[in-house]
Amino acid sequence: MNRVLDDALIYEILSVVEEIPEGKVATYGQIARLIGRERNARLVGRVLSMAEFYGSYPCHRVVNHAGRLVPGWSEQKQLLEAEGVSMKNMDHVDIKSYQWHL
DNA sequence: CATGTGACTTCTT
DNA sequence: TAAGAAGCCACAT
């Protein structure tokens, strides 16, 4: 099993991800900053990779700072377009216009 | 134990 | 604005 990461950290991350409104996207760094771990963006990505194991979360609304989608995840593009998020190109979303702001 | 890679960011040249 | 370096965490070799 996987229990390497702190359950508290996972809860915090998933809580924030769950708060992302429909039609908006957030970056790993932004999430990391919200939970007080600005430099731990990598952990956010790792947690999201196994987020489905913990439950159903809108992890498709999370992209990197450049708006690039998750490599090797073809569904993400369709999921975002279905929410009204425009694509910059094949693998990048128009994060400049759809980034989640508090 | 050392190195390198990965759903990453930010600061500095 | 683009490119390089540093920072940080978990995991594979």
Side-chain angles (χ1 to χ4, degrees):
Chain A
M1 293 296 286
N2 53 342
R3 26 54 281 119
V4 183
L5 300 174
D6 295 337
D7 291 334
L9 182 60
I10 295 174
Y11 176 77
E12 291 180 82
I13 293 175
L14 294 181
S15 296
V16 174
V17 172
E18 203 171 29
E19 287 294 309
I20 302 174
E22 187 177 293
K24 289 283 184 178
V25 295
T27 69
Y28 300 98
Q30 213 169 3
I31 295 173
R33 181 173 298 194
L34 288 175
I35 65 174
R37 306 234 178 350
E38 182 174 337
R39 305 258 181 27
N40 293 45
R42 292 193 126 112
L43 279 301
V44 176
R46 180 163 291 280
V47 170
L48 290 179
S49 68
M50 56 183 195
E52 297 178 278
F53 176 81
Y54 284 84
S56 299
Y57 294 90
C59 45
H60 59 273
R61 296 182 190 144
V62 182
V63 296
N64 72 347
H65 74 106
R68 196 199 65 174
L69 301 180
V70 177
W73 191 13
S74 53
E75 283 186 355
Q76 187 175 21
K77 179 176 178 296
Q78 298 181 333
L79 288 170
L80 290 174
E81 288 182 320
E83 296 184 355
V85 178
S86 301
M87 304 298 298
K88 198 76 177 171
N89 55 46
M90 195 70 167
D91 289 6
H92 292 68
V93 71
D94 186 1
I95 193 172
K96 284 274 292 178
S97 305
Y98 294 95
Q99 184 168 20
W100 179 39
H101 292 298
L102 284 65

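Below, chain A is the first sequence line, B the second, and so on; all start at residue 1. Reckoned from all heavy atoms, side chains included, excluding hydrogens, waters and symmetry mates.
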In whole angstrom, what separates [X]'s [atom1] from [N]'s [atom2]?
X	N	atom1	atom2	result
A:R37	C:dC9	CZ	C1'	12 Å
A:Y28	C:dG7	OH	C1'	19 Å
A:H92	B:dA7	NE2	P	13 Å
A:L14	B:dA7	CG	P	19 Å
A:R68	B:dT9	CZ	P	9 Å

With heavy-atom distances below 4.5 Å as the criterion, would you say the side chains of [X] and [Y] are in contact?
X	Y	answer
A:T27	A:N64	no
A:S74	A:Q76	no
A:Y57	A:S15	no
A:H60	A:W73	yes
A:V47	A:V17	no

Could you give the distance separating [M] and [N] at their [atom1] atoms, to the nearest angstrom?
N	M	atom1	answer
B:dA7	C:dG7	P	23 Å
C:dA12	B:dC1	C1'	14 Å
C:dA5	B:dT5	P	15 Å

Students should find that the hydrophobic cluster of A:L80, defined by side-chain heavy atoms under 4.5 Å apart, otherwise consists of A:V25, A:V63, A:L69, A:V85, A:M87, A:V93, A:I95, A:Y98
Between the protein and nucleotides 2-6 of chain C, list every N/O to N/O distance that falls short of 3.5 Å.
none

Taking the minimum atom-to-atom distance to the side chain of [X], which one of [options] wins?
X	options	answer
A:N64	B:dC8, C:dA10, B:dA7	B:dC8
A:L48	B:dT9, B:dA7, C:dC8	B:dA7
A:A41	B:dC8, C:dC8, B:dA7	B:dC8

Applied to residues 83-99 of chain A, the salt bridge (Lys or Arg N to Asp or Glu O under 4.0 Å) test, sequence neighbours excluded, yields A:R61-A:E83
So salt bridge (Lys or Arg N to Asp or Glu O under 4.0 Å) across residues 22-33 of chain A, not counting sequence neighbours, yields A:R33-A:E38
Exercise for review: Ignoring hydrogens and angles, tell me if any N or O in the side chain of A:N40 forms a donor-acceptor pair with the backbone of A:L43 under 3.5 Å.
Suggested key: no
Exercise for the section: Give a yes or no answer on whether the side chain of A:Q99 reaches the backbone of A:A26 with a donor-acceptor pair at less than 3.5 Å. Expected result: no
Minimal heavy-atom distance between A:W100 and A:Q30, with the atoms involved, is O-NE2, 2.9 Å
Considering only nitrogen or oxygen atoms on both sides, find all protein atoms under 3.5 Å from nucleotides 10-13 of chain B and state each distance.
residue: B:dT10; atom: OP1; partner: A:R33; partner atom: NH2; Å: 3.4

Could you run down the sub-3.5 Å N/O contacts of the protein with nucleotides 3-6 of chain B?
residue: B:dG6; atom: N7; partner: A:R42; partner atom: NH2; Å: 3.1
residue: B:dG6; atom: N1; partner: A:R42; partner atom: NE; Å: 3.3

